[in-house]
Amino acid sequence: MAIPVEEAIAALSTFSLEDEQPDVQGLAVLLSSERYATNSPIEYSDVAAYRLSLGEDTKAINQLNTLIQEGKEMASLLYTYRSCVKALPQLPDSMKHSQADLYLETYQVLDLEMSRLREIQRWQASAASKLAADMQRFSRPERLVNGPTVTHFWSMLKLLDVLLQLDHLKNAKASIPNDFSWYKRTFTQVSTQWQDTDTMREELDDLQIFLSTRWAILLNLHAEMFRTNTVEDILQVLIVFCVESLELDFALLFPERHTLLRVLPVLVVLATSSEKESESLYKRVKINRLLNIFKNDPVIPAFPDLHLSPAAMLKELSSYFQNFSSQIRLLTLPAPHEIPPRELQDYQRHYLILNHMGTIRAEHDDFSIRFASAMNQMITLKSSDGADNDWSRDIKGNMYDTVVEGFQLLSRWTGRIWEQCAWKFSRPCKEPPISDSQQDSATFFDYEKVVRWNYTAEERRALLELIGYIKSIGLMMQHCDTLVSEALWETIHMEVQDFVQDKLDTMLRTSFRKKKDLSRILSDMRTLSADWMANTSKADPEQHSLHQETEEMRQSTFYPRPVAPTAAQIHCLQFLICELVSGGNLRKPGGLFGNSSSGIPVEDLKQLETFFYKLSFFLHILDFTATIGTLTDLGFLWFREFYLESSRVIQFPIECSLPWMLVDHVIESQDAGLLESILIPLDLYNDSAQHALTYLKQRFLYDEIEAEVDLSFDLLVQKLNEVIFTYYKSCAASSFTYACDDGEKYFVKPLRFDAIFKLRRVMILGRTIDLRSLITQRMNKLFRENIDFLLERFEYGDLCGVVELQQLLDILELTHQSISRFLELDSYSLMISEMQENLSLVSYSSRISSQIWNEMQTDFLPNFILCNTTQRFVRSLKGAHHSSQRSDASTGKPYFYCGSHDLTMAYQGLAGLYRDFFGIPHMFAVVKLLGSRSLPGIIRALLDHISSKITAMVPKVTGLQEALPKSIGLLSFDGGISGCQKIIHEILTWEAKLDVKVEVLHDLKEIGSALYWMSLLDIVLRQIDTTQFMQSAPWLGLVPGNDGQVKHAYSDNTPFTTLLSAATSAVASSPACANPSSYFVMSKQAEAASLLYKSNLNSGSVLEYALAFTSAALDRHYSKWSATPKTGFIDITTSKDFYRVFSGLQYSYLEDSMTNPSKKREMLGDSVAWAGCTIMYLLGQQLHFELFDFSYQFLNVAEIETATVSLYQPADRSKSPNIFQGYEVILEAMRKARRLNNHVFSMLRARCPLEDKVACAIKPSGAPLHRMKFGNTVSAFETLPQRANS
């Protein structure tokens, strides 16, 4: 069944095509070349229908408009002209025989360009002749034809402006005469074989004279004007028109004002061709008025990078027009570079936008509010039926006034930008700042001096802000064109009808009642434009009799009709008003409306003047879209053709481009108020591309703009990503500094990127770009680069940098979480796995785990020593054993660290606290970075390393065992400690095995370091498990029992599963639940999660597993290191078990480190004791070691000797000799070693108890005691090493 059209339309109306993208760009530019409505589409052909005898005037206007259009094309050709000679090839000496061919090819190329210059020469001659003839036609004393009209005035002035610009361009472009000289040279070479070249040579000479003569076009125009008839009258009329228009601000659009400013000096020069005429000119226009205009605008924009100076023009033209050289007051005007310093400050305040931003902001805010209010009223009016007619007129009239004010604001603001640019071009920067990178090449382009270094940061901000205002106001007005167009037409219709039907009616009945000539003009105006069909008070035009109407009937009421007058009607109305005011003689003193001799009352004259100026506004209001496009066109800020030629370069760097300078200023300044306007400068590229295609009509310029847009947009996305990344990373880093005393120092200024994150459609050069997608792609790449940099930085450092790595990765993860709220970034775990090369399901290794293990093998285990008291590893101070060679890590970008410089320095200072040791904090970082997937690989590799070290140590220990004497007895107490030392030296004859002894000590150090590393890992894992247990216990129903053990408070279900089961039952029983199966699945998953968490409660000990693994590794060498006594008794004299070797190693190591200052204890640390005690404990040799250790026996002898001496010495011990003189250091070292050994044994008994260990002992009487059992110490911390007494 087909859906009715009405229902389909109603359904479609419910859909919203709007998205959340904010308007942060200006008016979209459409590449089109439609003619504007201000240029009459029928070229005023309908003027003849009004029978006003304006045929000659209309014909002249059409002819001048055609010349203006052609002249603009000529000016575009000259402005975009680039030297062809630069592209010509230079033949080497080997190809001199082909020089004739090169000349011919060069001539053919240059001839095409010269033909265009010849066309310009012919056109300017024709245009000057036609303009002069047109002026002469209307300069005759007798009144033969009507005119010139105001439209005709503007056509004359615009054509004169085009001729002036052509002359100025011809004078400024140095490449044109340069190319012509090459063309003439090649013509001389190739024309030797031609016939009848005289005509060509004459044309060539004429072109040479035209190109080499300055102001040739104006000189030719002057000659044409004064050839047959003087045109001083029309010139003076034009001067008066220009002066009045400038003083009264008659020009609505800034291009019209600039046109008047450019042509006024030329008109003054042409009008003062004789002393008599100059005197008559100054009678009509006081010279002070001209001086004020020229002083107020010393610089006038001509082309995007070319300007005109009235003072400079007058001075230069005085040498070509001798009669003008007597005008001293005009010639003493200062040029821009001659302005005195006192006046220069006033001009700076006038031209620089920065000094007007307060007023501009107020104007923008006020207009935005009032325009929005007017739009709301229009919407309300549209939605209301049967609205009051007067109320409707008021709303539409208010809308019209607001639009006119908006056009005036846009024109004034855009004109300010033009004028500031012209001022900057006339006042280049004298001393550009030189950075460190520019010390070698301190030369600058002229364009850099007028653009790059000529704008301060405040001026760039003001310019960017004003561009944003222009684009936003233009966009706001353009969006409502369809809504306000009918209101504008109705208002214009009402203004015209109100004037011609009411006000003219009153004038006809009062002021002009007895003036038949003037009454005829008024009647013509009413006939021309009166819309009697809209008049509700008069049903028939014949009823319009003045003597029959009463006062109540004289006020007409009109239907609201959106019927606007045509351009021809406006043209004719302006002409009739001029005829009425001037009486057909525009040469009367006082100007148009300042003529007091017209006989028109002041009130009527004021009404005529107001309506006359409104008529000029109507054309721009009717051409609503085109006017907005003209007023918001800022593409001139990109063009730099004149400076490209003067600098002799193909193109300037992008740093010299003003649009990119503004974008870069937003990025570098990081001003929160400007960030949302970051795309506004890109609209300048849209405007310049539109200008290049439709006005200049040069494809190569568009290609250059497109290339710069590609580069600038890439740089924009790159820098914008860096700014966003830096900001959120700084925020993430600052969140960890809340406990700092100077936390305000690390405060991050808030920025807003919400509007930028929503940009999915950015219009640039007709292309739609998804900026959000590009930012997301670059952000993913930036995160990966940052992760790779941090991993690479860690790979270039030692194991102590793991804390810094973990901190930086934590900051990066928090940054990812913050940005992921706005962008669809890749998963952080995916990126970290990808950069660690750990994506495979069967891969249990990663870059971090590989680096950690590599560092442990090559640097940590060989070069770090253990301090058991502080539970830290520190780097050995006396060299490195098997040290690894390192290279410096590459310096990354600042935002790869912590964002801002202050935060980076703070975190580097924090990381520096952990850079010189390895301890518990580092182990926490290792566990967090490796995770449960890679940590077992490190543990296994470390255990294999212990096993391999034990295996490698077996032959070395065997060698040391063989070097021991066959009989080793107990130390005798008779000789005292000195005798004991002598006996030990006789036993330990390892001088030939010194290298083996050193290697065994280092092997023991690595084994002990690995075991202690395992103990630190066990501490950290137990703490993490405890934390997780405390978090999950309430949900699993676990409570502590009376015996300290954990028990289950619930027999069947846990609180977690009970809660979800109850919720599932409640939801499933509800009739509103359509699919309860998903909730049952959720309940089952909760039960599985509970079982999973319960199974992880009883986790094993890494240290116990490592000790068991070490014990298994020792079992393979048990027979070599722990031989069972043959007699069942402890072999006191001949035993060579491992404890004997370790006892000797410990004694010799202690003695060497104390007696030889170059071998301090920091060489090996406490790891040797950990390895030796662990091996002896696992081999069951602890008691053997404690009984027969050389150091222990040495200490026993020292204690007995001390007791004996104290027994027989007198009470005054201060007088007794020190029997241990020279042995204090080694005795203290032995005591420390014994305390450390006792601590290690206690730790081992607590973590790895050896139940029912059987040992043989000797009673004090000497009788052996078989199979004696010993108990284990409950606490591993009862015998911690004590701090030595200083």
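Between the side chain of Thr694 and the main chain of Gln690, a donor-acceptor pair closer than 3.5 Å is present. One N or O on the side chain of Asn376 and one on the backbone of Ala372 form a donor-acceptor pair closer than 3.5 Å. Panel note: side chain Gln420, backbone Ile353; a donor-acceptor pair is recorded below 3.5 Å. The closest donor-acceptor contact from the side chain of Thr632 to the backbone of Ile470 lies at 3.5 Å or more, if one exists at all. Side-chain atoms of Asp57 come within 3.5 Å of backbone N or O of Thr149 as a donor-acceptor pair. A donor-acceptor contact shorter than 3.5 Å links the side chain of Ser383 to the backbone of Ile379.
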*Start with the C-alpha gap between Asn296 and Leu246, add the side-chain angles, then the distance that decides, and say whether side chain to side chain contact (heavy atoms under 4.5 Å, CB included) holds.*
CA-CA 11 Å; Asn296 290 336; Leu246 290 172; over 6 Å; no

*Please walk me through it: do Leu608 and Met507 pass side chain to side chain contact (heavy atoms under 4.5 Å, CB included)?*
CA-CA 11 Å; Leu608 290 170; Met507 292 180 188; 4.3 Å; yes

*Start with the C-alpha gap between Asn65 and Gln69, add the side-chain angles, then the distance that decides, and say whether side chain to side chain donor-acceptor pair (under 3.5 Å) holds.*
CA-CA 6 Å; Asn65 287 344; Gln69 189 65 29; over 6 Å; no

*Please walk me through it: do Phe636 and His691 pass side chain to side chain contact (heavy atoms under 4.5 Å, CB included)?*
CA-CA 8 Å; Phe636 62 90; His691 194 78; over 6 Å; no

_Verdict with supporting geometry, Ser616 and Leu252, side chain to side chain contact (heavy atoms under 4.5 Å, CB included)_ = CA-CA 8 Å; Ser616 300; Leu252 176 63; over 6 Å; no

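Residue Ile492 holds its CD1 atom at 7.0 Å from CD1 of Ile570, rounded to the nearest 0.5 Å. Atoms CZ and CD, from Arg561 and Glu486 in turn, are 12.0 Å apart once rounded to the nearest 0.5 Å. The distance from atom OG of Ser529 to atom NE2 of His493, rounded to the nearest 0.5 Å, is 9.5 Å. Going from atom CD of Gln478 over to atom CG of Leu475 covers 8.0 Å, rounded to the nearest 0.5 Å. A distance of 8.5 Å separates CG in Leu160 from CG in Leu238, rounded to the nearest 0.5 Å. Gln574 contributes atom CD, which lies 10.5 Å from atom CE of Met525 (distance to the nearest 0.5 angstrom).
The only member of His356, His364, Gln408, Glu363 that meets side chain to side chain donor-acceptor pair (under 3.5 Å) when paired with Trp413 is Glu363. The one candidate from Asp390, Thr380, Leu381 that meets the side-chain contact (heavy atoms from CB on, under 4.5 Å) condition with Ile395 is Leu381.
You'll find the side chain of Thr627 stays beyond 4.5 Å of the side chain of Ile621, heavy atoms only. Taking the side chain as every heavy atom from C-beta outward, Cys578 and Phe153 never approach each other to under 4.5 Å. Side-chain atoms of Asp683 and Asn686, non-hydrogen and from C-beta on, do get closer than 4.5 Å to each other. Phe371 places a side-chain heavy atom less than 4.5 Å from the side chain of Cys480. The closest side-chain heavy-atom distance from Met375 to Val484 is below 4.5 Å. Residues Thr259 and Arg262 form a side-chain contact, since some pair of their non-hydrogen atoms from C-beta on lies under 4.5 Å apart. Under the 4.5 Å side-chain criterion, counting only non-hydrogen atoms from C-beta, Met357 is in contact with Tyr469. Phe250 has its side chain out of reach of Arg257: every pair of non-hydrogen atoms, C-beta onward, lies at least 4.5 Å apart.
The heavy-atom pair separating Ala564 from Leu622 by the smallest distance is CB-CD2, 3.3 Å. Contact between Ala127 and Leu159 at its shortest, heavy atoms only, is O-CD2, 4.3 Å. Smallest separation of non-hydrogen atoms from Val500 and Ala530: CG2-CA, 3.9 Å. Closest approach of Tyr400 and Leu488 over heavy atoms only: CA-CD2, 3.7 Å. Taking both residues in full, the closest heavy atoms of Met378 and Ala487 are given as CE-CB, 3.5 Å, listed atom of the first, atom of the second, then distance. Shortest non-hydrogen contact noted between Arg284 and Asp233 is NH1-O, 4.4 Å.
Counting only N and O atoms by type, the side chains of His152 and Asp134 include a donor and acceptor under 3.5 Å apart.
No more than 12 heavy atoms of other residues, nucleotides or ligands shown are found within 6.0 angstrom of CH2 on Trp489. Atom CD of Glu247 has more than 12 neighbouring heavy atoms from other residues, nucleotides or ligands inside a 6.0 Å radius.
Phe241 and Trp154 have their aromatic ring centers within a separation under 6.0 angstrom. For Phe612 and Phe499, the distance between ring centers is not under 6.0 angstrom.
Salt-bridge check for Arg393 with Asp498: failed, with every basic side-chain N at 4.0 Å or more from each acidic carboxylate O. Ion pairing between Asp687 and Lys471 holds under the 4.0 Å rule for side-chain N and carboxylate O.
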